[in-house]
Amino acid sequence: MVKRAATNQKIAAILREIGLFDEAFDVPYKPQAYESAAEVVEGLGEQLSDLYQKCGTACIDDLPGIGESIAKKIEELVTTGRLKAYDQLKKKYPFDLAGMTAIHGLGPKKAMALYQALKVKDLKALENAAKAGKVRRVPGFGRKTEDAILSGLGFLREHEGRFRLHDILPVADRLVGQLKRVPGAHEVEVTGSIRRMKETIGDIDLIMTADDPKRALDAFTAYPEVTQVLMRSDDRASVRCRGGIQADLIVLEPDHFALVLHHFTGNREHNIELRTLALKHDMTLSEYGLLKEGKPLPIKKEENIYQALGLPWIPPEIREGQGEINAAREGRLPDLVGYDDVKGDLQVQTDWTDGAASIEEMAKEARKRGLSYIAVTDHTKALAMTGGLDEKRLAEQGKEIDALNAKTKGFRILKSTECDILKDGRLDVDDAALKALDLVCVSVHSFFALSESVQTERIIRAFKHPLVNVFLHPTGRIVNAREPYALDFPRVLRAAKEYGVALEVNGSHRLDLRDAHVREAVGTGVKLVIDSDSHSPAEYDFLKFGIAQARRGWATKADVLNTKPVEAFLKALHGLKKNKK
DNA sequence: GCCGTTTTCGGCCCGACTGTTTTCAGTCG
C-alpha cells in the first residue's frame, strides 16, 4: 500500500484551518465543530490512518465531536493524503490564515480583511505591511492594532509554540508561594492548563483573595522574575516573566473564588458541557454564579458546582471534555492514582553511566522523599556514549547494591537495567546477566526511523523474551522536541498484555506514555509503572509529572504496579509473566 | 457540523475587553 496518509497533526491543522475560514465568513456553529474535532484528533493516542485501516469511517465517526461529514474528510486525508475541499479553499484564498491568527488579538475575520485589502499571504508579508504603516489604513484597523500585530509577531518569533509544564510549574509555584506571603492574602491558586497538568502551557493564570488587592498587585508586579508589566487595573495585572511566559493575576471577592477557579481551570469543552448540563437543570452557570431561577446558589467550593448539577467533583487533570462528565453522571468516574500513591521509582540512572550521583546518594534522596524502593536502571553497552554497562560491570554493580541493601533497613534498592533493544529486537545483554536482576526494563534508543511494521515487530520480539518486565518510554517522543517513532500502538498494547510486560509512564521531559496512550493502556488492561527517569537527586521532582500524566489518562492506583510495597510490587510484576498464555 | 436526560431535527456557553467606532464587531479565555 502506498504510504502517504496524513498524520493526526496534519489532519488537525487542516480541520482547524477550515474552521477558521468558516469563522472568517461568519458561518454559524461550524467553526466550533471543526475546532472541537481538531482538538479530539490532536489528543488521540492512535494514528487515524491506523484506526481507518482497522474499521473504516465507522470508527472515526464514533470519535466524540466527529460526525459523518468530518469523518469523510478524514477518510480522504488518510487514503489520499489530500483533501479536495481544503485545496480548493486554499486556491481561492492562498494565504496563511492559521499562522496569522496565531498572533494574539488577530482573529480570522481581521486576518481575512488584511488579506483581501493588502494581499498579505504570510507573516513576513504582514510584518512588512505593518512596518510600512499600511495596516492602519485598512478599514476597521488603526494604529493600535498595527502596533499590536508587530509586538505579537515579535513574541511569536521568540516563542514558537507553547511552554513545557516542566519549565513553567516551578515558576508558577514560586509565584503562588510569594503571593501567599503577602500580608492580608488568603486563598491563592494557579488555574488553567497548569492546574490540569497539561504537558504544555500557554500562560500562568493565578487567582487570589486578599484584604488589600492593591498591596497584592503591587507585590506581584514587583517580583524579581517579572520583566515587564503588561496591564494593571484595580483587581488584576498581567506581567511578562523571565523566559517570556505571561502571568495573569486576578484578586477576587471570596464569594467568587470557587466559581472563578472552576471557570479558568476549564478546559473550554468541559465548561461548555457543564453549562449545557446546567441549562438542562434550568440553571445557568458562569464565572459569576450558578443561577437557579435567576438567584445565585451559594458556591463556597468547586464541589458545590458539581453537586448542584448532580455530579461528584471531577479532578482538574481530566477536565478535558473527553467523556468525564458522562462518566461522572453514570457514577463511573475513576478513582485516580494519587500523588502520594507511588511507593518506588523504577527508572533511576546513576554515575555508573550517565547519572550525576552514586547509587547510595540516589537511594538516600529517594528515601528522603518518602519512597521505599528504587530500581537502578543504568544503560547497557550498546549505548556507548553513556558508558553503558556490559555483563561484567552489571554484575559488579549488583554487588554494590547487595552491600548497600545489607546495611539499610526499610528501603530497598532493586537491581535492574535499562537494556537496549537492538535493531532486530534482541537484547543488548545476555540472559545470565539479566537473570541476576530483580526486574528487567528495556527500551529503544536507536533506529528511530524504521517503518511502523518493522519497529513494532522489533519491540514485540523483545516482549517475547521471558525475562522482560517493563518497556520504558514506549513511544520515544520528547515534549516539544522529538516526535514518536512509527509504532502500531494498539498492537504493542495487545502484545504487552499477552507477554506480561508493563509499560512505563515516564515523568521526565519525555512524558511517555502520554495521557491518551495511558487511557488506551488502561482500557486494554495493560499494567503501568510511573517513573521519574532521574539522572540526579533533584530529578525525582519529575515523578509528579508522570503521576499527573497517568491521572490525565484516567489511571487508578490499581493500574499502576509501583503503588504497591516492594515485595507486593515484585510479585505482581512477575505475576504478569506467569499469567501469560 | 455535531448531537441526544426535549434523541434524527432544532438547537448549539458565557461574559469582558479592546479598538474602532458613535453603537458595535471581533477576539479572547
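Residue numbers start from 1 in every chain, and the chains themselves are labelled A, B, ... in the order their sequence lines are given, proteins ahead of strands.
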Length of the line joining [X]:[atom1] and [N]:[atom2], which is rounded to integer Å:
X      : N      : atom1 : atom2 : result
A/R236 : B/dA16 : CZ    : P     : 10 Å
A/L274 : B/dC12 : CG    : P     : 17 Å
A/Q32  : B/dC2  : CD    : C1'   : 10 Å
A/D235 : B/dA16 : CG    : P     : 12 Å
A/I18  : B/dG1  : CD1   : P     : 9 Å
A/N271 : B/dC12 : CG    : C1'   : 16 Å
A/L230 : B/dT18 : CG    : P     : 12 Å
A/I250 : B/dA16 : CD1   : P     : 12 Å

[atom1] gap between [N] and [M], integer Å:
N      : M      : atom1 : answer
B/dT27 : B/dT21 : P     : 15 Å
B/dT6  : B/dG10 : C1'   : 10 Å
B/dC12 : B/dC17 : C1'   : 24 Å
B/dT8  : B/dC2  : C1'   : 12 Å
B/dT23 : B/dC28 : P     : 25 Å
B/dG4  : B/dC13 : P     : 14 Å
B/dA16 : B/dT20 : P     : 22 Å

Pairs where residues 164-193 of chain A contributes a residue and the test ring pair (Phe, Tyr, Trp, His ring centres under 6.0 Å) is met, not counting sequence neighbours: A/H166-A/H509, A/H166-A/F542, A/H166-A/F545

Answer yes when A/R268 and A/E39 have at least one side-chain N-carboxylate O distance shorter than 4.0 Å, and no when they do not. no

Closer than 4.0 angstrom, basic N to acidic O: yes or no for A/R16 and A/E35? yes

Just by protein heavy atoms under 4.0 Å, how would nucleotides 23-29 of chain B read 5' to 3' in B, S and -? ---SSSB

Could you list the residues that satisfy side chain to side chain contact (heavy atoms under 4.5 Å, CB included) with A/A129, not counting sequence neighbours? A/L118, A/V120, A/K134, A/V135

Applying a 4.0 Å non-hydrogen cut-off, can you work out what [X] is touching in the nucleic acid: base, sugar-phosphate, or nothing?
X      : result
A/I70  : sugar-phosphate
A/K72  : nothing
A/E273 : nothing
A/L285 : sugar-phosphate

Would you tell me whether A/D335 and A/T556 have side-chain atoms, one donor and one acceptor, within less than 3.5 Å of each other? no

Show every salt bridge (Lys or Arg N to Asp or Glu O under 4.0 Å) that has at least one partner inside residues 168-177 of chain A, sequence neighbours left out. A/R174-A/E225

Just grab all the salt bridge (Lys or Arg N to Asp or Glu O under 4.0 Å) pairs involving residues 310-323 of chain A, residues at least two apart or on different chains. A/R196-A/E320, A/E302-A/R319, A/E317-A/R551, A/E320-A/R552

N/O donor-acceptor pairs under 3.5 Å from side chains in residues 101-117 of chain A, not counting sequence neighbours:
unit_1: A/T101; atom_1: OG1; unit_2: A/L97; atom_2: O; d: 3.2
unit_1: A/T101; atom_1: OG1; unit_2: A/A98; atom_2: O; d: 2.9
unit_1: A/K109; atom_1: NZ; unit_2: A/E23; atom_2: O; d: 3.4
unit_1: A/K109; atom_1: NZ; unit_2: A/D26; atom_2: OD1; d: 3.1

Which residues pass the side chain to side chain donor-acceptor pair (under 3.5 Å) test with A/R232, not counting sequence neighbours? A/D218

Between protein and nucleotides 3-9 of chain B, what N or O pairs are separated by less than 3.5 Å?
unit_1: B/dC3; atom_1: OP1; unit_2: A/G65; atom_2: N; d: 2.4

Would you tabulate the side-chain donor-acceptor contacts of residues 67-75 of chain A under 3.5 Å, counting partners in other chains and residues two or more places apart, or write 'none'?
unit_1: A/S69; atom_1: OG; unit_2: A/K73; atom_2: NZ; d: 3.3
unit_1: A/K73; atom_1: NZ; unit_2: A/Y34; atom_2: OH; d: 3.4
unit_1: A/E75; atom_1: OE2; unit_2: A/Y52; atom_2: OH; d: 2.6

Anything under 3.5 Å between a donor and an acceptor, one on a side chain of residues 281-297 of chain A, the other on a protein residue two or more places apart or in another chain? List them.
unit_1: A/H281; atom_1: ND1; unit_2: A/L277; atom_2: O; d: 3.0
unit_1: A/S286; atom_1: OG; unit_2: A/Y288; atom_2: N; d: 3.0

Indicate yes or no for a side-chain donor-acceptor contact from A/N304 to the backbone of A/K301 under 3.5 Å, with no hydrogens or angles considered. yes

For B/dG1, does either OP1 or OP2 sit under 4.0 Å from a side-chain N or O belonging to A/Y29? no

Applying the 3.5 Å cut-off to both distances, the Watson-Crick or G-U partner of B/dG26 turns out to be B/dC17

Disulfide (SG to SG under 2.5 Å) contacts in which one or both residues fall within residues 228-299 of chain A, not counting sequence neighbours: none

Using heavy-atom distances to pick each residue's nearest nucleotide on DNA chain B, tell me which of A/S286 and A/A33 is more 5'. A/A33

In residues 136-153 of chain A, what residues come within less than 4.0 Å of DNA chain B, judged by heavy atoms? A/G140, A/F141, A/G142, A/R143, A/K144, A/T145

